[in-house]
J.: 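Take this structure, written in structure tokens, and hold onto it; I'll ask about it next.
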Amino acid sequence: MTLLEAAGLRVTLPGAGEVLRGVDLTLAPGECLAVVGESGAGKSVLARTLLGLTQQDPGARVTAERLSFDGRDVGRLRPRGWRRLRGRDISLVLQDALQSLDPLRTLEAEVGEALAVRGVPRPRRRARVIEALQGAGLPDAESRLGQRPGELSGGMRQRALIASAVVGGARVIIADEPTTALDATTAVQVLALLGRLRDEGAALLLISHDLGAVARVADRIAVLSAGEVVETGPRAALLAAPVHPVTRALLAARPSGAKPGPTVVPGADLISGAGLVRRYRSPGGGTLAAIDGVDVVVRAGETLGVVGESGSGKSTLARLLIGAEAPDGGSRALADPAPRVRLVPQDPLASFDPRHDVARILRHSRRPGAPESAELLARVGLDTAILRRRPAQLSGGQRQRVAIARALAGRPDVLVCDEPVSALDVTTQAGILRLIAELQREEGLGVVFISHDLAVVRMVSDRVAVMRGGRVVETGPTEEVYAAPAHPFTRELIAAAG
Amino acid sequence: MAAVRWLAARLARAVLVVWIVATVVFFALRASGDPLEAILGGPGSQAGPEAVAAAEREYGLDRPLVVQYAVQLGRIATLQLGDSYARRQSVAELIWQQLPSTLVLAVLALALAWVLAVVGAIIATTARGRIGRAVNALLRGVEIAATVMPQFWLGAVLILVFASTLGLLPATSAGSSPAELVLPVVTLAIPIAGFLAQVSRDALLEADRAPFATSARARGAGEPRLLLRHTLRHASLPALALSGWAFGNLLSGAVVVEVLFARPGLGRLLQEAALARDVPVVIGAVSIVAVLYVAVIVVADAAELVVDPRLRGPRPAALRMPDVAVGS
Amino acid sequence: MRARLGWPGIVALILLGVLVVAVIAPGVLAPRDPLAIDPAAAFLPPSAGHPLGTDESGRDVLVRIVHGAAASAGIGVWATALGIGLGLVIGFAAALGPRWLEAALGRIVEVLFALPTLVMALLLVAVLGAGTQSSVLAIGLATAPGYARVLRSRVQGVARSDYVGYARLEGTPAGTVFVRHIVPNTLWPLVATATLGIGQAIVWVSALSFLGLGTPPPSPEWGAMLDAGRVYISYAPWLTLFPGLAIVATATVLTVLGRRLGGAR
Amino acid sequence: SCAAPDAGEDAVTETGGTLVYATGDAEPTCLDPHVGGNYPQALLSTQYLEPLFGRDAEGTIRPWLATDWETSEDGLTWDLTLRDDISFTDGTPFDAEAVKANIEHLQDPNTASSTGYLAVEQIDEIEVVDPAHVRLHLSTPKSALLEALSQPWTAMESPAGIERGQDENCQAPIGTGPFVVDEWVPQQRVELSRNDDYVATNPEADHDGAAHLDGIEWRFIPDAATRQAALASGEVDVIDNPLPSDIVSAEGQGITHIDAPRPASSNRIELNSAQAPFDDIRVREAFVRAADPNPGIESLFLGTAERSYSPLSSMEPLAYADPALFETDADAAAALLDEAGWSERDDDGTRLKDGERLTVRFPVSTDQSTAAEQSLFEQIQENAASVGFDVVLDPVDLSTWYGALGAHEYEAVSAPYTTVGPDVLRILYHSSGTVPAPSGYFANHAMLQLPELDEALDAAASALDPDERAERYTEAQRIVLESYAVLPLYDQQNHFLVKGATGIATLGTVATPTFVNAQLTD
Ligand SMILES: Nc1ncnc2c1ncn2[C@@H]1O[C@H](COP(=O)(O)OP(=O)(O)OP(=O)(O)O)[C@@H](O)[C@H]1O
Ligand SMILES: Nc1ncnc2c1ncn2[C@@H]1O[C@H](COP(=O)(O)OP(=O)(O)OP(=O)(O)O)[C@@H](O)[C@H]1O
Ligand SMILES: [Mg+2]
Ligand SMILES: [Mg+2]
């Protein structure tokens, strides 16, 4: 029995042409289908179309030989009919996790919305919201109910979004890149939750650019390329014997192994923090120490990898290091002369002036002696064609790369990267990692590399700091830590990534 | 405790504003015309010297200006606004008589303006397709025209059509039936509605395109819910910032509307008093307006904080250098 | 450019051209004297000889509208410029300056708000004498606090944004950040409002005429015409209709262009 | 006194009901016309207060509360006989003591009377002979005394009412008229109800006893178009100050028009003869010859106003006109200006003399001049410009207007003045009128200081012989007109439109309407 079925699905979008070119797929209850593919393949458009959202776009044209839900033809459904399906029957975790929660509303209201739409009374709603948040792996869910998205870390927002999609008990759950901002442990937890839901009979459509990540839960895998399903089959078979070149490429480029090249001899201390503390107001009324006594040193010519749980204070530490926020305790010292620090932010879109095009963004950030814009773009694998575009007109991966190019334009002594490759497909990701390593070697850059992806961190860092609950629980040369993790949490992380 | 301190601060703020306003009004009005004429039965009075002297004494106009100013301030401070020069009545009583009528007019007009603006904005965001676009373009035109519609002209047209020609609604206010509120309220509301609609519709469209709106749709939220729970809140932010403006506009508009529709009210009282240089009445009326205004602003500020909790944080450090010099 | 303007933008641009010609060289469009009276030809409805009719003194309405463009546009532009300029200073300073400055400017805004436009006009007339100058000043001062509050709230949003924070972290001087990011991102969205403000300012001046404080006659200023003609609204409606349309058209043209330039869709 | 013709033949009149009157004049600040004293007060107080004398259409004095009078040879003592059957509505009898109390009230500086005060200024002593007889002793002879006492501003109020103090008396003065003030809701209305005990003393009354109406609702509707709309829709029954266009279209709509020009002075422009450039009679004549108001009066007033050539209202039997003096002649005007030395021209066509422009500052009170009148001034401005005058029209509020006059910052001005009788000439053109009152006000805006004019006016004021009086006033008017300091335009316009009522008459004194005979129709 199939729950969701699409045949010959075609979508034409204004300005982008035919984005989906005859996609066929079926989804049965208790089944998980993973859709993978490189950036821009049409995965997100597919997800939105299955919920009838693309159809609402005035310029979009959607046709399908067959589009049915639960045996019902939904191809010709009116907006009203779609609305009844959404949330209760089909739910969606949007890819744009950092911006997909209404900044003015509390977590409770946002996550509980699918229930509220159906008139579930408030007290019952609250219990289910807490349950869903806990299920999505958000710690102290109850105390966070009153918080708003701006007060949450990137990963927390993503988990809240997932919770908002599963809380309604939909029969079909479509998750678009649900773990990009999550550390390995949490990602495992989230995938486990999805797996559980599948086991309870829900149909799951999991979208990702990361074949490996979805391999855990997927029953079947479909590979999407340029709007077409180029390969599909059961997980084991497809992973074992990939046929299509795209599939092979996606599998081959997965990061693995230690940092290549000789061990670097670290230079002078550029930034050092001792006993850093940063507290935020917590919703309950007290304060929460996002950073709680951290000692950290950034040295020239060395990459410090920062890994850790989502919400453990990685971004906060980055903000303290670059001086965007003042610590509430501890001290911070800079080398003399002060090093130039540049940041690759976790949410690049928000860090671009929406009125400026890429050319202007790069020009403003460029310091004398830095490469020309064209060269900068080439380094991050982008074409000069995007120079005239504004940030909103870029895909998620492109934005992230422009943010890296912008940081490089400042010829920094220290580069702080907060999840710089989370939105990139593995091929592009590999290129960026290579670039960072190269720069460091050639120019003696000090790099702080924040990521939830242990494999990625291992590939670029010389030293690694493992964070949990605002503290550095373990630190040391990367290979030593990976080989013999001292702290149980580190062991747990490595096991989860395994 | 915190609430008391907050309230005290706001109160002090209102007092300060009233004081400045009273000072400006007092000196400017006294510099520009002679209140004696108002006292002595209107301009052109040919009162004899004894009458002039008597009036000067009675109203303390023979004393130095600074003393008169101090007296006036003292009166405001003790909430006894003194006696009108022109009307033989206490200012407090006069204002008390006229205020309700203006408030009713203003509140109804503001409510209507908001309803019209929101409806316009909703149509703008929900209209789709070819017809939707045409409706939208038309609506925009109507909004612009409404915004630049002079109230005295609009009111005259409405009177001509609905009172003179059709005889459907009364042109003037005899203080008897609710029907007589219709034309004044509409006249006052339309230009404000046009402006509010323009502002809130832009914000609404912007919010409507944001990812969180898509996300809410994916959760099954219908357009009404999306509007009420999500986008309208975002759209209301610029509108809230404008509420002080709208209120000021309402009161200025009330002057015109009250004269046109022969309604009693603070606006008309203020106009007459200002033209007659009836200083105590002008100061009294303007002070009340100032207090009301400060109240509106306080409410709007508070509402802004309620709607947008992001504003509760510390002030932006945009023009402060980062704590650690990292640039150079 | 054409793609961004669209056909409404092109129509607006053409009309703006006509307006500019009327402002700079009204004689080109209407070679007759806007003040020439002819009581015998008073109250003539629109006809071939007088396309928009004649007024109570037999002056040609079309000629007057064309010749009044300069005065009216001037009033609108200057009053709005004054309002926005003041609003800018107050709004920016209040949003970005130290707390005491914000408090002080906040009080100024409140005082300006608390003085109804009419009272403000009266006070200014008292100080400067009646006429266009006082009207412009009064309208400018009356609209400034509105702009100031909108700007303040917008500036606060922009100043809190990540991109401004990022620019500061790059070591961009405060002044540059202000010019580069804060001003464009707060001002451009205001363009549409401001263009609308020009029409509103003209209308405000006419409201002052209604209350007996406007531009002195027989200047063909649109607001004054609108008010003067109102008396004859049932007898000779063209006297108010056409100046009113001129104001609406001007406001529409400017708003349409403003929106296109401001980046609003 | 102009009775309204009956409205429509099939209209049914009824007794009772409340008539709604909407005035465009300002709302009085005190309902007691002794205080201050302006036309809005006169309009309203005519309904509840009555003067000692009336006047008919021919300008003849008629008895009202006083039935008879006698003057001494020297004109300094006046004996008045009063009606003995009248009481104020509070029950206080009307008698000689009441007359004394009223005149003293007018003369009391604390009353702050300006118009009424002028009327009784010369009364030195009021002698109560017996309840029905009062004797007035004057400081100087005053031929206009009876006219002065016929004004609404000197009407009789209950002494007990006056005793209550000004604050209370202003709210509801107590008189002997056909109606009683019930309530005054500021900025909205004054409610009047019928005086059931009314004794018909009013010379216009066509029946004995009380008025037909139950009462009058007196409303304030400042905007003319709104007022007209209210009349058309039946919200009100009577309006004043209608627009000329509305008067013209009234006929076809079953609306009755009452044209009752005000007495005393005409509406005119006065030229300030005390300062340049109008200190030269040739320049004044040039202005008058160039102004050419006739076509404008015709087109702007649509036939509802007639050009005047006299300083007095056409309602005044003694009015003297001389159209020949005012014939338009632009060439003659130009020649006069050349002759007076204003021969050079500026770039804009304005004449120059010794580098001075021929500028005429003309402050216009927007409260006192109607839209049509302001348009007429604009036309005069344009006509005068064609011979080289630069007329600067400055529409201002009343307070600013008086300020400009008080500071002599004007060369031309239009200032209406309403009273009863030709004595207005003395107020307006006697040289004593150039001396400002303590409030800064002066009535002689033309600043005429001509000994022969003063002499004629003084003689007329004390002349007890009607013929001599008439002759002296004619002479005075001739001098005024020939001085070219005055450009008469038309009578002070005073129109009423009525829909749904009959029997409305206007008094022969200051043309205020009385509703003593009025009845509603349906
Ligand atoms: N609203 C839209 N309007 C026009 N074009 C769009 C729109 N949304 C997506 N596209 C285009 O459709 C194509 C597919 O986009 P989609 O977001 O589905 O990619 P994706 O496979 O999800 O990539 P990623 O891994 O980067 O998220 C892209 O070329 C994109 O530019
Ligand atoms: N502005 C803020 N107000 C209140 N709490 C905040 C704020 N910013 C961060 N926090 C809290 O500080 C903690 C650490 O957040 P941070 O963003 O540093 O996490 P992170 O390690 O970067 O996580 P992720 O990997 O999910 O991005 C979280 O508990 C978060 O809720
Ligand atoms: Mg995607
Ligand atoms: Mg983070």
Side-chain angles (χ1 to χ4, degrees), chain A residues 14-15 58-59 98-99 103-104 150 154 315 318-326 334 337-357 360-367 370 390-393 399 402-403 406-416 418, chain C residues 1-8 84 88 91-92 95-96 98-99 150-151 153-195 257-265:
Chain A
L98 297 182
Q99 318 250 333
L104 299 186
S315 297
R319 287 199 296 273
L320 288 182
L321 283 176
I322 61 174
E325 279 176 22
L334 292 178
R340 247 192 322 270
V341 186
R342 286 296 179 270
L343 173 74
V344 179
Q346 189 170 13
D347 184 4
L349 179 57
S351 75
F352 297 129
D353 189 323
R355 296 190 164 268
H356 293 181
D357 60 15
R360 197 149 168 220
I361 288 168
L362 293 178
R363 192 170 66 242
H364 282 162
S365 292
R366 188 168 175 276
R367 292 192 59 81
R390 295 188 186 191
Q393 297 168 307
R399 281 177 210 151
V402 172
R406 170 178 66 176
L408 297 180
R411 292 216 303 140
D413 302 315
V414 176
L415 186 64
V416 178
D418 195 353
Chain C
M1 196 65 194
R2 238 193 61 206
R4 262 184 83 194
L5 278 177
W7 67 261
I84 294 210
L88 272 183
F92 279 129
L96 300 175
R99 275 216 181 271
V150 175
L151 270 171
S153 128
R154 242 191 249 278
V155 171
Q156 280 180 346
V158 173
R160 279 188 166 84
S161 73
D162 280 5
Y163 56 89
V164 165
Y166 191 87
R168 294 298 286 138
L169 286 174
E170 278 189 340
T172 317
T176 312
V177 170
F178 185 73
V179 172
R180 203 180 264 173
H181 300 290
I182 299 186
V183 170
N185 279 295
T186 44
L187 273 197
W188 277 112
L190 208 70
V191 164
T193 317
T195 47
L257 288 177
R259 302 195 89 84
R260 310 266 151 181
L261 294 178
R265 291 124 303 211

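These numbers come from the heavy atoms of this one structure, side chains and all, not from hydrogens, waters or symmetry mates.
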J.: State, to 0.1 Å, how close A/D353 and C/H181 come at their nearest heavy-atom pair, and which atoms those are.
T.: OD2-ND1, 2.7 Å
J.: Mind checking salt bridge (Lys or Arg N to Asp or Glu O under 4.0 Å) for A/R319 and listing every partner two or more places apart, or none if nothing turns up?
T.: A/E325
J.: Specify which of A/S365, A/P412, A/P345, A/G410 makes the most heavy-atom pairs with chain C at under 4.5 Å.
T.: A/S365
J.: Considering non-hydrogen atoms only, spot the tightest contact between A/P354 and C/N185 and give its length.
T.: CG-OD1, 3.9 Å
J.: So C/E170 and A/H364, do their side chains get closer than 4.5 Å, heavy atoms only?
T.: no
J.: Which answer fits C/Y166, side chain, backbone, both or neither, if we ask what part of it has an atom under 4.5 Å from a heavy atom of chain A?
T.: side chain
